[in-house]
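Read the structure below first, then the notes.
All chains are named by letter (A, B, ...) in the order of the sequence lines, taking the proteins before the strands, and each is independently numbered beginning at 1. The structure displayed is predicted, hence computed values, not measured ones.
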2 protein chains.
Amino acid sequence: MTTLAEENYLKAILKLSNYTLEIVSTNAIAKELKTKASSVTEMIKKLTDKKLVNYQKYKGVSLSKSGYKTAIDIVRKHRLWECFLVSKLQFDWDEVHDVAEQLEHIKSSKLIDSLDIFLGNPKTDPHGEPIPNINGEFPKSNSLPLSEFPNDIIGEVIGVSNDDPSLLKYLDFLSLSIGSKVIINKKIDFDNSFEIVINNKQNHISHKVAKTLLIREL
Amino acid sequence: MTTLAEENYLKAILKLSNYTLEIVSTNAIAKELKTKASSVTEMIKKLTDKKLVNYQKYKGVSLSKSGYKTAIDIVRKHRLWECFLVSKLQFDWDEVHDVAEQLEHIKSSKLIDSLDIFLGNPKTDPHGEPIPNINGEFPKSNSLPLSEFPNDIIGEVIGVSNDDPSLLKYLDFLSLSIGSKVIINKKIDFDNSFEIVINNKQNHISHKVAKTLLIREL
DNA sequence: TCAAAAATTTAGGCAAAACTAAAAAAAATT
DNA sequence: AATTTTTTTTAGTTTTGCCTAAATTTTTGA
Ligand SMILES: [Mn+2]
Ligand SMILES: [Mn+2]
Ligand SMILES: [Mn+2]
Ligand SMILES: [Mn+2]
């Protein structure tokens, strides 16, 4: 049985490894979890004892098979609960993340699998992020961050890879949502920002924002 | 902010005080929470510091106004989540308690109030127990435990005051559910058991079971 | 009323998960 | 290659919530 703290570490490692079994550094985990490197080292030892990660002193840590499955399950729960909050309880997309951070730790496979069915087996969460299925497999989609998308081509926003409410509220302000059509007019070299057209209206966005927008060619 | 352990203590005290501000003993709490009296004493001190209970050494503990409200909120959450599991996710009534024990600790008043609306403001949970409203008030109902109900009078089962799955499965086996009609034929003095008619079928139940059945005169 | 029994509290520890400060290893620079 | 900087680990504390054993208070009942 995994503790809440262990689950949060596994989830952080999964995210930092870009959802693979790549090696992740102690410092990166500490930063992600807003904790100290020494705390991370201690927890990694516990996770190693439980065979949830592979670890070599000073060399970093990677998820084991079972650690990966555990972490994916938490992401599955997080994203399904976000769907529930938006589609059944009328939450806005910027209100769901913090509650889902709590709900993702509820332990009951019957609960989450019933919820999945109740929601109609959604493929993506309210931010367009893919939901692992009951076997832990992702529907991989062919998208690029807007920051890497070519100029002058119509793209569709299919997701936002960051659940920070301040970002999401800003996107609302820009009238930018899942399904919006965008075209990059111009990349500004000086600060890596972008002139873009969103639903036929001219806008300017920073590199930091552009990185979070997942775009599919139309 | 209350911790999970604190919430479980408050809930236990509320239950043992019969949902009043009555004084409760250290040992009773220890038994309810399957912990040791010494642990209870320590926790009571913390709850006292937080002004959630009133306490005098060796004299027992009672909920304060704010402790009562906090405890009632947890009961409200517990029972609403049980409703959700049964009415939306098709759980059986004996499967919901353990999951609700986890869900009741999710912190978000928007979540629970939206859930209440989503469920249509139910007045009772799947076991017939009353659900406090958004202001923490119970709909008080005029029911008696079957063990105190008079003989030869038709009663209706309106609730079960214990969520133990083994009890609930046994009631299923007896075809006894919320709404069932019952008549006590005979009280057996030797073991305090009962001969009763459930939906026109003759049965025999123990005192322990009879105490959990809440009956309303028809 | 007063000793025995029961209930409760105190004292002293333990494990989980965090922290700070110091030591050690690895990486980057000169 | 040697030195400085950065990263990581170790050592020693803290807090929360639990435990056992011992001490104290209350209750029981002879
Ligand atoms: Mn989220
Ligand atoms: Mn999301
Ligand atoms: Mn219950
Ligand atoms: Mn119930």
Side-chain angles (χ1 to χ4, degrees), chain A residues 1-17 22-64 67 70-71 74 101-102 104-107, chain B residues 1-17 22-64 67 70-71 74 101-102 104-107:
Chain A
M1 188 56 52
T2 48
T3 67
L4 188 144
E6 287 168 356
E7 291 187 351
N8 283 333
Y9 273 90
L10 292 175
K11 197 172 48 135
I13 297 168
L14 182 67
K15 180 177 174 186
L16 294 168
S17 71
E22 268 170 39
I23 285 177
V24 166
S25 80
T26 302
N27 261 3
I29 297 168
K31 192 175 174 191
E32 172 72 20
L33 294 177
K34 300 183 204 314
T35 183
K36 295 292 141 85
S38 55
S39 306
V40 174
T41 301
E42 275 190 286
M43 180 55 90
I44 286 173
K45 286 178 184 163
K46 282 176 210 152
L47 294 173
T48 305
D49 291 346
K50 292 193 171 188
K51 306 218 185 301
L52 292 165
V53 298
N54 298 117
Y55 171 56
Q56 273 183 280
K57 250 197 212 175
Y58 293 104
K59 302 292 183 184
V61 67
S62 63
L63 292 171
S64 71
T70 305
I74 298 163
E101 287 287 303
Q102 298 178 63
E104 72 190 4
H105 301 290
I106 302 293
K107 288 179 172 58
Chain B
M1 188 56 52
T2 48
T3 66
L4 189 143
E6 287 167 357
E7 292 187 351
N8 283 332
Y9 273 90
L10 292 175
K11 197 172 46 135
I13 296 168
L14 182 67
K15 180 177 174 185
L16 293 168
S17 72
E22 267 169 41
I23 286 176
V24 166
S25 79
T26 302
N27 260 4
I29 298 168
K31 192 175 175 193
E32 171 72 19
L33 294 177
K34 299 183 204 316
T35 183
K36 296 294 140 93
S38 56
S39 306
V40 173
T41 301
E42 274 190 286
M43 179 57 89
I44 286 173
K45 286 179 186 165
K46 283 177 208 154
L47 295 173
T48 305
D49 291 345
K50 291 193 172 190
K51 308 216 185 300
L52 293 164
V53 298
N54 297 118
Y55 172 57
Q56 273 184 279
K57 252 198 209 177
Y58 293 104
K59 302 292 182 185
V61 67
S62 62
L63 291 171
S64 71
T70 305
I74 298 164
E101 287 287 304
Q102 299 178 63
E104 73 191 5
H105 300 290
I106 302 292
K107 288 178 173 60

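Regarding A:Q56, its CD atom lies at a distance of 14 Å from the C1' atom of C:dA26, rounded to whole Å. In this structure, B:L33 atom CG and D:dC19 atom P are separated by 10 Å, rounded to whole Å. Rounded to an integer number of Å, the gap from A:Y55 OH to D:dT10 C1' is 11 Å. Straight-line distance from the NZ atom of B:K45 to the C1' atom of D:dT15: 16 Å, rounded to whole Å. Distance CD1 (B:I29) to C1' (D:dG17): 15 Å, rounded to an integer number of Å. Distance A:K31 NZ to D:dT7 C1': 14 Å, rounded to the nearest Å. Remark: P of D:dT9 and CE of A:M43 are 15 Å apart, rounded to the nearest angstrom. To the nearest angstrom, C1' of C:dT9 lies 10 Å from CD1 of B:I44.
Within the structure, a side-chain polar atom (N or O) of B:N27 is placed less than 4.0 Å from OP1 or OP2 of C:dT8. For D:dT20, the OP1/OP2 oxygens have a side-chain nitrogen or oxygen of B:K36 closer than 4.0 Å. For the OP1/OP2 pair of D:dT25 and a distance below 4.0 Å, the side-chain nitrogens and oxygens of B:K59 include no atom meeting the criterion. The shortest distance between the side-chain N/O atoms of B:Y9 and the OP1/OP2 oxygens of D:dC18 is below 4.0 Å. Side-chain nitrogen and oxygen atoms of A:T41 include none within less than 4.0 Å of the OP1 or OP2 phosphate oxygen of D:dT8. Look at A:T35 and you won't find any side-chain N or O under 4.0 angstrom from OP1 or OP2 of C:dA17.
Among the heavy atoms of the strands lying under 4.0 Å from B:A37 is at least one base atom, whether or not backbone atoms are also near. Within the 4.0 angstrom heavy-atom criterion, base atoms lie near A:S38. Residue contacts shown for B:K57 are limited to sugar-phosphate atoms, with no base heavy atom under 4.0 Å away.
Checking C:dT8, C:dA18, D:dC18 against the side-chain heavy atoms of B:S25 singles out C:dT8 as nearest. Of the candidates D:dT8, C:dT8, C:dC19, the closest approach to any side-chain atom of B:T26 belongs to C:dT8. When the nucleotides D:dT16, C:dA17, D:dC19 are ranked by their closest atom to the side chain of B:K46, D:dT16 comes out on top. Side-chain proximity of B:E42 to C:dA26, D:dC19, D:dG17: nearest is D:dC19.
Electrostatic pairing of A:E32 and A:K15 counts as a salt bridge here, judged by a charged N lying under 4.0 Å from a carboxylate O. Electrostatic pairing of A:K11 and A:E101 counts as a salt bridge here, judged by a charged N lying under 4.0 Å from a carboxylate O.
In terms of heavy-atom proximity, B:A30 sits nearest to B:K36 at CB-C, 3.8 Å.
The pairing partner recorded for C:dT30 is D:dA1, the criterion being a Watson-Crick or G-U wobble arrangement whose two distances lie under 3.5 angstrom.
Side-chain N or O atoms of A:S62 include none that pairs as donor or acceptor with a backbone N or O of A:I23 at under 3.5 Å. A donor-acceptor contact shorter than 3.5 Å links the side chain of B:S64 to the backbone of B:L52. Not a single donor-acceptor pair under 3.5 Å links the side chain of B:T2 to the backbone N or O of B:E7.
Residue whose closest nucleotide on DNA chain C sits further toward the 5' end, between A:S39 and B:A28: B:A28.
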